[in-house]
There are 2 protein chains.
Amino acid sequence: MKIRIIAVGKDKDTWLSEALNEYFKRLKPFCKIEMIRIPDISVKHTGSSKIVIEKECAAIRKQICKEDFCILLDENGESKDSQGFSELLTDLSTKKRIVFIIGGVFGTDARLKEEADICLSLSRLTFTHRVARLILVEQIYRAMMIKSGRAYHI
Amino acid sequence: MKIRIIAVGKDKDTWLSEALNEYFKRLKPFCKIEMIRIPDISVKHTGSSKIVIEKECAAIRKQICKEDFCILLDENGESKDSQGFSELLTDLSTKKRIVFIIGGVFGTDARLKEEADICLSLSRLTFTHRVARLILVEQIYRAMMIKSGRAYHI
C-alpha cells in the first residue's frame, strides 16, 4: 500500500517531527508512506485568507495524480471509528495510491472538497492542522494493526 | 481555574512529554493545571486485565477529592465540539477543581464511570491513552483561547 500525506507548513515543533518519525518507522513494514509538506502562505503577505487558500490548494493539487484516491480531512466530513477507518484502508488497498490532504490554517477550498473522493472528519473537536498530522498517522498505524490482527488497538 | 489530569502510566515517549510541557507552559496564564501519572500495572504480573483495572482505578480514586468535578474520558461518553467543550469549562469555572481521568490500556471500571460527573468522548476514533493526553491538553488550551476570544481556534 502506498500512502502520501499532503500537509501545509512545516511541523514547526520538534516533538511533532519526532512523533511522526516514530510512527513512520513503525509503519515501514506495512506500507510505503510519505509526508509532503507544502510551504504555507502568510496571510500578512497576501492580505486575504481567500488568496492563502487558493495558493495553498493549487500547490496541493500539484502533488496529486489522476489515479490517486484522495481523502480530504475536513471537520464537516464523514466520521468513522478506528475499525471503520481500518476497513476503509483495506478496501482501498487495490488503489495505486491513497492521498490524505490536511489543509492549512484556513482549510481548503470548495473545489478541493468536491474533487476529493472522500471527506473525513477526525473528531467533532477541532484540532490544529499540525496535531491532525499526528492523529492521522497514529490512526493509519492503528488501522494496520487492526488489519493484521495485532494487539495495539486493544 | 484549577485542573488536575489523572493519567495511567508514564509518558513513555520524549516527544509526548515535550508536547505536554509546551501546552502546560502556554496554559500557565489561564489556569492552574497539573498531571498526575499513576503507575501502570503490568498484566503479566497480575495475570488478568480485570485486576489491572481494579488496581489502577483504586489508585485513581486516591487522587480525587469529594468536591472535585470529575470528567472521565471514555469512548462511549458524550461527544462535544471545541466550542461546546470550551462552554463546559466556562460553566465549571466556579467549581473548586476540575479533574479529568484518562484510564490505562484496559480503561476504567464501571464504578468509576458511575462516580464521574460526566463521561466524555474525544472522538469516534480510538486513541492510545497516551495520545489522548495530548489531545485533551490541546483542547483545554483551545478552550481557554475560545473563552478569551483569541485567534488560536480559528
Side-chain angles (χ1 to χ4, degrees), chain A residues 11-26 43 49 52-53 73 75-86 88-89 103-107 120-143 145-146 151-154, chain B residues 11-26 43 49 52-53 73 75-86 88-89 103-107 120-143 145-146 151-154:
Chain A
D11 291 338
K12 227 169 130 185
D13 296 303
T14 321
W15 63 262
L16 180 58
S17 301
E18 279 171 22
L20 293 174
N21 286 344
E22 167 66 26
Y23 280 106
F24 274 47
K25 212 165 63 188
R26 288 200 211 170
V43 72
S49 57
V52 170
I53 294 173
L73 297 196
E75 57 180 348
N76 298 314
E78 195 186 330
S79 80
K80 287 196 179 290
D81 60 16
S82 296
Q83 186 68 40
F85 183 69
S86 178
L88 173 68
L89 285 198
V105 174
F106 301 108
L120 211 64
S121 161
L122 293 176
S123 167
R124 287 187 65 203
L125 296 166
T126 307
F127 304 120
T128 67
H129 59 117
R130 288 188 172 89
V131 169
R133 290 176 200 187
L134 173 61
I135 295 173
L136 173 63
V137 173
E138 203 258 349
Q139 286 304 309
I140 294 172
Y141 180 68
R142 183 175 294 271
M145 293 301 99
I146 293 173
Y152 174 77
H153 64 286
I154 296 170
Chain B
D11 291 338
K12 225 168 131 185
D13 296 302
T14 320
W15 63 260
L16 180 58
S17 300
E18 279 172 22
L20 293 174
N21 286 344
E22 168 65 28
Y23 280 106
F24 274 47
K25 211 165 65 187
R26 288 200 211 170
V43 72
S49 57
V52 170
I53 295 173
L73 298 197
E75 56 180 351
N76 298 314
E78 194 186 332
S79 81
K80 288 198 177 287
D81 60 14
S82 297
Q83 187 67 42
F85 182 71
S86 178
L88 173 68
L89 286 198
V105 175
F106 301 107
L120 212 63
S121 161
L122 293 176
S123 167
R124 285 188 64 204
L125 297 167
T126 307
F127 303 119
T128 67
H129 59 116
R130 288 189 171 88
V131 169
R133 290 175 200 188
L134 173 61
I135 295 174
L136 173 64
V137 172
E138 202 259 350
Q139 285 305 309
I140 294 173
Y141 180 67
R142 183 175 294 271
M145 294 301 99
I146 293 173
Y152 174 78
H153 65 284
I154 297 171

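The analysis underlying the following values was restricted to heavy atoms, covering all of them including side chains, and did not include hydrogens, waters or symmetry mates. Numbers restart at 1 for each chain; the letters A, B, ... are given by sequence-line order, proteins then strands.
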_What's the separation between atom CD1 in B:Ile146 and atom CZ in B:Phe85, rounded to the nearest 0.5 Å?_
9.5 Å
*Classify the angle between the aromatic ring planes of A:Trp15 and B:Trp15 as parallel (below 30°), tilted (30 to 60°) or perpendicular (above 60°).*
parallel
*chain B interface, residue from A:Lys80, A:Glu75, A:Glu22 that has the most non-hydrogen pairs under 4.5 Å*: A:Lys80
*asked:* As an exercise, state the distance from CG of A:Leu134 to CD1 of B:Ile135, rounded to the nearest 0.5 Å.
replied: 7.5 Å
*With a 4.5 angstrom heavy-atom cut-off, which part of A:Leu122 approaches chain B: side chain, backbone, both or neither?*
both
*Sidechain-backbone polar pair: A:Gln139 side chain, B:Thr126 backbone, donor-acceptor under 3.5 Å*: yes
*Side chain, backbone, both or neither: which part of A:Thr128 has a non-hydrogen atom closer than 4.5 Å to chain B?*
both
*So how far is it from A:Glu18 CD to A:Asp11 CG, rounded to the nearest 0.5 Å?*
10.5 Å
*B:Ser121 versus chain A, heavy atoms under 4.5 Å apart: side chain, backbone, both or neither?*
neither
*Among the options B:Gly107, B:Ser82, B:Gly84, pick out the one with the most heavy-atom pairs lying under 4.5 Å from chain A.*
B:Ser82
